[in-house]
Amino acid sequence: MIQVAVCGIGRTGSEVIRAILQNERFSLAAAFCRPGSEKAGKDIGTLLHTIPIGIVAQDISQAEQAFAETEIDVVIDFSNPTCAKPLLRACKKHRVPVVFCTTGYTEADLIWMSDFVVHNNLGVVYAPNVTLGVNVLLAALKLVARALPEFDYLITETHHNQKKDIPSGTAKKIASAIQKELPRDAAVPIHSVRIGGYVGVHTVLLASDCERLSLTHESFNRSAFASGALTAAAFILGKTGWYDMEDVLGIAERLENAANVV
Ligand SMILES: NC(=O)c1ccc[n+]([C@@H]2O[C@H](COP(=O)([O-])OP(=O)(O)OC[C@H]3O[C@@H](n4cnc5c(N)ncnc54)[C@H](OP(=O)(O)O)[C@@H]3O)[C@@H](O)[C@H]2O)c1
């Protein structure tokens with residue numbers, strides 16, 4: 001069984017924990033919460049409104065101690081950008097790979113993280129969107145932008161009203177994927193909508209003077225995130241280096257197979 005520590009016991013981290021508890025391939029080894037969080041010391045089962053499971057939430061500042069005392073094969077992180085440094089330092093000491101699903105890192109954060117990972121021979125999957133659909137959308141958009149460089153592009157992302165980062169990490173990634181293929185410097189605009197309980201919708205609208213095309217991805221619930229994160233966790237075991245979900249999901253192979261069928 002793969003022993004997983006989950007960092008961040010919020011909406012998505014809780015869904016990942018539920019998925020681990022229901023999956024015979026994975027076992028929950030530890031769960032970390034924010035420093036000073038009222039969740040620290042509480043049983044994870046109780047926090048998830050089910051029966052106690054004998055594992056209590058630990059403050060992330062105790063990660064090094066937890067790593068020393070518990071067998072942990074991999075960490076899945078759905079928390080906050082401030083968590084990356086303490087987590088990576090603990091992972092370095094105990095040679096544990098990480099799947100970073102948190103969004104909102106600055107460019108400087110990402111440079112520090114990837115340098116630290118490569119320099120210390122660690123294994124990381126950096127996944128600002130873990131779903132299969134978004135990653136196929138990203139690959140498809142590269143082709144669309146190459147084929148329709150003269151069209152105008154606009155991204156609209158809609159999320160629940162508690163989401164902190166605006167625009168979403170996925171919208172930024174989509175914008176950058178399109179931008180790289182267009183023969184002009186202007187950034188692809190992103191409209192962000194925060195309303196109600198939306199899990200996540202990303203729409204790319206492109207239009208010329210006389211026609212339009214739109215592509216939409218929607219996550220119906222957070223189990224899509226949990227499933228992608230567990231796939232990435234299994235992928236990174238025994239590897240070193242900095243990977244993304246394209247590597248995990250074998251997007252290049254999927255596209256090659258699709259092209260061969262045509
Ligand atoms: N990659 C993807 O596909 C994907 C999908 C969904 C979400 N996300 C990202 O994942 C992150 C979490 O999303 P969410 O919807 O689950 O948010 P959320 O419900 O606000 O949960 C965030 C959790 O992180 C905890 N936390 C904050 N700072 C921390 C720290 N320094 N160390 C440990 N835990 C810390 C918070 O603890 P308290 O509860 O104690 O405050 C909270 O439980 C966001 O960045 C979001 O954009 C990514």
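As the structure lists them, so they are numbered: ligands from 1, and atoms in each ligand from 1. Only a predicted model underlies this, so the values are computations on that prediction, with no experimental measurement involved. Nothing fancy with the numbering, it's 1 onward along the sequence.
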Visitor: Considering only heavy atoms, does Ser14 approach ligand 1 within less than 4.0 Å through its side chain, its backbone, both, or neither?
Guide: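 Neither; nothing of Ser14 gets under 4.0 Å from ligand 1.
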
Visitor: Is a donor on one side and an acceptor on the other found under 3.5 Å between the side chain of Arg184 and the backbone of Pro149?
Guide: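 Side chain of Arg184 to backbone of Pro149, a donor-acceptor pair under 3.5 Å: yes, one is there.
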
Visitor: Sub-3.5 Å donor-acceptor pair from the side chain of Asn23 to the main-chain atoms of Ala19, do we have one?
Guide: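 A pair under 3.5 Å: no.
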
Visitor: Check for me whether Gly169 has a heavy atom closer than 4.0 Å to any atom of ligand 1.
Guide: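 In this structure, Gly169 fails to qualify as a contact of ligand 1 - no heavy atom is under 4.0 Å.
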
Visitor: Which ligand 1 atoms, with their elements, are less than 4.0 angstrom from a heavy-atom of Asp165?
Guide: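 Answer for ligand 1: 47 (O).
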
Visitor: Nearest protein heavy-atom contact for atom 48 (C) of ligand 1: which residue, which atom, what distance?
Guide: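 The answer is Cys101 O, 3.0 Å.
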
Visitor: Taking the side chain as every heavy atom from C-beta outward, state whether Thr102 and Pro81 have any atom pair closer than 4.5 Å.
Guide: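 Thr102 reaches Pro81 side chain to side chain.
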
Visitor: Taking the six-membered ring for Trp, are Tyr126 and Tyr243 closer than 6.0 Å centroid to centroid?
Guide: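 Tyr126 vs Tyr243: aromatic centres not under 6.0 Å.
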
Visitor: State the atoms of ligand 1, each with its element, that fall below the 4.0 Å cut-off from a heavy-atom position in Thr102.
Guide: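 In order of number, 10 (O), 45 (O).
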
Visitor: Within a 6.0 Å radius of atom OH on Tyr198, are there more than 12 heavy atoms belonging to other residues, nucleotides or ligands?
Guide: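 12 or below, so no.
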
Visitor: Which atoms of ligand 1 sit under 4.0 Å from any heavy atom of Lys163?
Guide: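 In order of number, 46 (C), 47 (O).
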
Visitor: Identify the protein heavy atom lying closest to atom 34 (N) of ligand 1, giving its residue, its atom name and the separation to 0.1 Å.
Guide: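 I find the closest protein heavy atom is Arg34 N, 3.3 Å.
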
Visitor: Measure Arg222 to ligand 1 on non-hydrogen atoms and call it side chain, backbone, both or neither using the 4.0 Å cut-off.
Guide: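 It is neither; nothing of Arg222 touches ligand 1.
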
Visitor: Testing Leu237, Val4, Ile236 for side-chain contact (heavy atoms from CB on, under 4.5 Å) with Asp73, which one passes?
Guide: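 Single pass found, and it is Leu237.
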
Visitor: Could you give the distance from OG (Ser223) to CG (Leu230), rounded to the nearest 0.5 Å?
Guide: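 So the OG of Ser223 and the CG of Leu230 are separated by 11.0 Å.
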
Visitor: Check Cys33 against ligand 1 and report side chain, backbone, both or neither, counting heavy atoms closer than 4.0 Å.
Guide: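 The answer is the backbone of Cys33.
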
Visitor: Should you measure from each heavy atom of Ile60, which atoms of ligand 1 turn up under 4.0 Å away?
Guide: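 With Ile60 as reference, the close atoms of ligand 1 come out as 32 (N).
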
Visitor: How far is atom 28 (N) of ligand 1 from its nearest protein heavy atom, and which residue and atom name does that atom have?
Guide: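 Nearest protein contact, heavy atoms only, for atom 28 (N) of ligand 1 is Asn80 CB, 3.2 Å.
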
Visitor: Taking His94 for the side chain and Val96 for the main chain, is one N or O donor matched with an acceptor at less than 3.5 Å?
Guide: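 Not confirmed, His94 side chain does not pair with Val96 backbone.
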
Visitor: Can you say whether the rings of Phe225 and Phe78 are parallel (under 30°), tilted (30 to 60°) or perpendicular (over 60°)?
Guide: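 Rings of Phe225 and Phe78: tilted, as their planes differ by 30° to 60°.
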
Visitor: Can you sort out which atoms of ligand 1 are near Thr82, meaning under 4.0 Å from one of its heavy atoms?
Guide: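 With Thr82 as reference, the close atoms of ligand 1 come out as 31 (N).
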
Visitor: Side chain, backbone, both or neither: which part of Ile9 has a heavy atom under 4.0 Å from ligand 1?
Guide: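 Near ligand 1, Ile9 shows its backbone, while the atoms from C-beta on stay back.
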
Visitor: Can a salt bridge be assigned to the pair Lys93 and Glu64 using a cut-off of 4.0 Å between side-chain N and carboxylate O?
Guide: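 The answer is yes: the pair qualifies as a salt bridge.
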
Visitor: May I ask you to identify, for Thr131, whether its side chain, its backbone, both or neither come under 4.0 Å of ligand 1 on a heavy-atom basis?
Guide: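 None of Thr131 does.
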
Visitor: Indicate yes or no: does Glu181 engage Lys142 in a salt bridge with an N to O separation below 4.0 Å.
Guide: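 Here Glu181 does not pair with Lys142 in a salt bridge, since their nearest N and O are not under 4.0 Å apart.
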
Visitor: Below 4.0 angstrom, N of the basic side chain to O of the carboxylate: do Arg194 and Glu157 qualify?
Guide: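 Counted as a salt bridge, because a side-chain N and a carboxylate O are separated by less than 4.0 Å.
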
Visitor: Starting from atom 4 (C) of ligand 1, find the nearest protein heavy-atom neighbour and note its residue, name and distance.
Guide: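 It is Phe78 CE2, 3.5 Å.
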
Visitor: Asn135 side chain to Thr131 main-chain N or O, any donor-acceptor pair under 3.5 Å?
Guide: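 Answer holds: yes.
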
Visitor: Could you tell me how the ring of Tyr105 sits relative to the ring of Phe100: parallel (under 30°), tilted (30 to 60°) or perpendicular (over 60°)?
Guide: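 Plane angle over 60°, so perpendicular.
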
Visitor: Could you tell me whether Ala127 approaches ligand 1 through its side chain, its backbone, both or neither, with non-hydrogen atoms closer than 4.0 Å?
Guide: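 The answer is the backbone of Ala127.
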
Visitor: By number and element, which atoms of ligand 1 are closer than 4.0 Å to a non-hydrogen atom of Pro128?
Guide: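 Reading through ligand 1 atom by atom, the close ones are 1 (N), 2 (C), 3 (O).
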
Visitor: State the atoms of ligand 1, each with its element, that fall below the 4.0 Å cut-off from a heavy-atom position in Phe225.
Guide: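 This gives 3 (O), 5 (C), 6 (C) as the contact atoms.
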
Visitor: Got more than 12 heavy atoms from elsewhere within 6.0 Å of CD, Glu107?
Guide: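 At most 12 heavy atoms, drawn from other residues, nucleotides or ligands, come within 6.0 Å of this atom.
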
Visitor: Nearest protein heavy-atom contact for atom 47 (O) of ligand 1: which residue, which atom, what distance?
Guide: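 Here the closest protein heavy atom is Thr103 OG1, 2.6 Å.
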
Visitor: Atom 21 (O) of ligand 1: which protein heavy atom is closest, and how many Å away?
Guide: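 Nearest neighbour among protein heavy atoms for atom 21 (O) of ligand 1, to 0.1 Å: Gly10 CA, 3.3 Å.
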
Visitor: List every atom of ligand 1 that sits less than 4.0 Å from any heavy atom of Ser37, numbering the atoms from 1 in the order shown and giving each element.
Guide: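 What qualifies from ligand 1 is 40 (O).
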
Visitor: Quick one: does Val130 get an N or O within less than 3.5 Å of an N or O on ligand 1?
Guide: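 N/O-N/O distance below 3.5 Å exists for this pair.
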
Visitor: I want to know if ligand 1 touches Glu38 in the polar sense, i.e. an N/O pair below 3.5 angstrom.
Guide: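 Min N/O separation from ligand 1 is not below 3.5 Å for Glu38.
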
Visitor: Around atom 16 (O) of ligand 1, find the nearest protein heavy atom and jot down its residue, atom name and distance.
Guide: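 I find the closest protein heavy atom is Thr12 N, 2.9 Å.
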
Visitor: Under 4.0 Å, heavy-atom basis, I'd like to know which part of Lys39 is in contact with ligand 1: side chain, backbone, both or neither.
Guide: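 Near ligand 1, Lys39 shows its side chain, while the N, CA, C and O stay back.
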
Visitor: Any idea which protein heavy atom is nearest atom 24 (O) of ligand 1, and the distance to it?
Guide: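 Going atom by atom, the protein heavy atom closest to atom 24 (O) of ligand 1 ends up being Ser79 CA, 3.4 Å.
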
